Colleague: 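Here's a structure for you.
Worth saying up front: this structure is predicted, and the values here are computed from it rather than measured.
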Amino acid sequence: MFRNQYDTDVTTWSPAGRLFQVEYAMEAVKQGSAAIGLRSKTHIVLGCVNKANSELSSHQKKIFKVDDHIGVAIAGLTADGRVLSRYMRNECINYSFTYESPLPVGRLVVQLADKAQVCTQRSWKRPYGVGLLVAGLDESGAHLYYNCPSGNYFEYQAFAIGSRSQAAKTYLERRFENFSDSSRDDLVKDALMAIRETLQGETLKSSICTVAVVGVGEPFHILEQETVQQMIDAFEIVGEQEGPAAEPDAAAAAGQEAAAADQGGSTEEGVAPMDI
Amino acid sequence: MTKQQANWSPYDNNGGSCVAIAGADYCVIAADTRMSTGYNILTREYSKICKLADKCVMASSGFQADVKALQKQLAARHLIYQHQHNKQMSCPAMAQLLSNTLYYKRFFPYYSFNVLGGLDNEGKGCVFTYDAVGSYEKVGYSSQGSGSTLITPFLDNQLKSPSPLLLPAQDAVTPLGEAEAIDLIKTVFASASERDIYTGDKIEIVVVNADGIRREYMELRKD
């Protein structure tokens, strides 16, 4: 996209009927590191790539537990994602308090979408620069939604967002018809394969990805690094070639830090201290 | 011209008694399961005990509608805490939260007489006792509710540590073992239900220790 005279304010239409600021916000999502989601009839798996800025820092948290039955993976401005997760958690708690039952996923994504829409129609605001993959289980089954900065939301069988997500999407498009009846473990395997696609040849290790599952009888939780590594090894999904020596080492070093902090923290939200 | 009085009260007392005893590495919290109104029994099987966190359990007697509202408030606040801090609330932290929550409604109180029991950060038993507006204190044992006037003197006789003025300072936590503490609870409730009409039916006993939380029941007089 090129700069033009209609892209200064979110409240300015272009003659072609476009809101450029909203479209730029969607670009921000494409720049973030990849996040993928896929679902069967009974389970939903979310996965994301965790790339630390440097060897010295921990990676950013991109998957958040919203409630026992809902979780979210984000791509884009992670600060915006954190704020929206806090909003979602609050909504779930308030609904549970009033109705003594879990908030239906479809309701939550509509509220989220409406919240995003407000920011596209106020001159003193800017759109949220984050795309959210909302995974949730309710009475009507397993759901995976994608919430856009534009305020739109769509339901998916499987989806990928963020940088190099097209590779993952291609993989998912080939396989999605089987997902409905997949077992939980097969679903996780497919998620890891999809993540591998976005790595473009780099070795898939549990230190550079995060996987979370929610399903019938299984509250939303992030899988432990060791579990993920075992699954990677078991399914023999290692990248074809080693990436450049610096990158995996940096990721691995950051992963060790995160792993050390993980052991101290709870299994549900393995977060390194710097991420809070 | 006499002052106009209200002809209804927002409160009711559903009766019942609660007890908690702290040990070196455990805590026992117990309450009867009778819920009454006036001279009538509403149900013989109502739980007055609520698990607030992994190592923190609360028993409350008084107006059960207020108790239920209070329990829901605390549960919601605990969820928020877990999201923000990535861990469960400790018993002393929950104790302070309960106090603040009660005082928040200082001018339209929760008609709820609470005892909070659990393990502190070091795994030692702790009991906190409250009044309706949040005044609280860490103690070695406590009792609240309609039977408390019958139960407390007996617990004092069995468990009370020597004067707090004695030096060196004595820990109020009882040296009794877990099984003996549970036995004491059963004795105490059996006695209270003899004379207190609002206490009876069944005792629900919750034990918090390093292995987790377990529950047992004991039958009491039904009259």
Colleague: What's the separation between atom OG1 in T98(A) and atom NZ in K72(B), rounded to the nearest 0.5 Å?
Modeller: 7.0 Å
Colleague: To check you understand the geometry: which heavy-atom pair defines the closest contact between Q73(B) and F97(A), and what is its length?
Modeller: N-CE1, 3.6 Å
Colleague: Using a cut-off of 6.0 Å, state whether more than 12 heavy atoms not belonging to E45(B) lie near its atom CD.
Modeller: no
Colleague: Take atom OH in Y156(A); do more than 12 heavy atoms of anything else shown fall under 6.0 Å from it?
Modeller: yes
Colleague: A quick test of your reading: do over 12 heavy atoms of other residues, nucleotides or ligands sit less than 6.0 Å from CZ of R44(B)?
Modeller: yes
Colleague: Could you state the interatomic distance from CD1 (I80(B)) to CZ (R86(A)), rounded to the nearest 0.5 Å?
Modeller: 11.0 Å
Colleague: Measure the spacing between NE2 of H83(B) and CZ of F64(A) and express it to the nearest 0.5 Å.
Modeller: 11.0 Å
Colleague: Drop me the distance from S96(A)'s OG to L79(B)'s CG, to the nearest 0.5 angstrom.
Modeller: 7.5 Å
Colleague: Just how far is it from atom CZ of R89(A) to atom CD of Q82(B), taken to the nearest 0.5 Å?
Modeller: 10.5 Å
Colleague: Assess whether atom NZ of K68(B) is packed by more than 12 heavy atoms of other residues, nucleotides or ligands within 6.0 Å.
Modeller: no
Colleague: A quick test of your reading: do over 12 heavy atoms of other residues, nucleotides or ligands sit less than 6.0 Å from OH of Y11(B)?
Modeller: yes
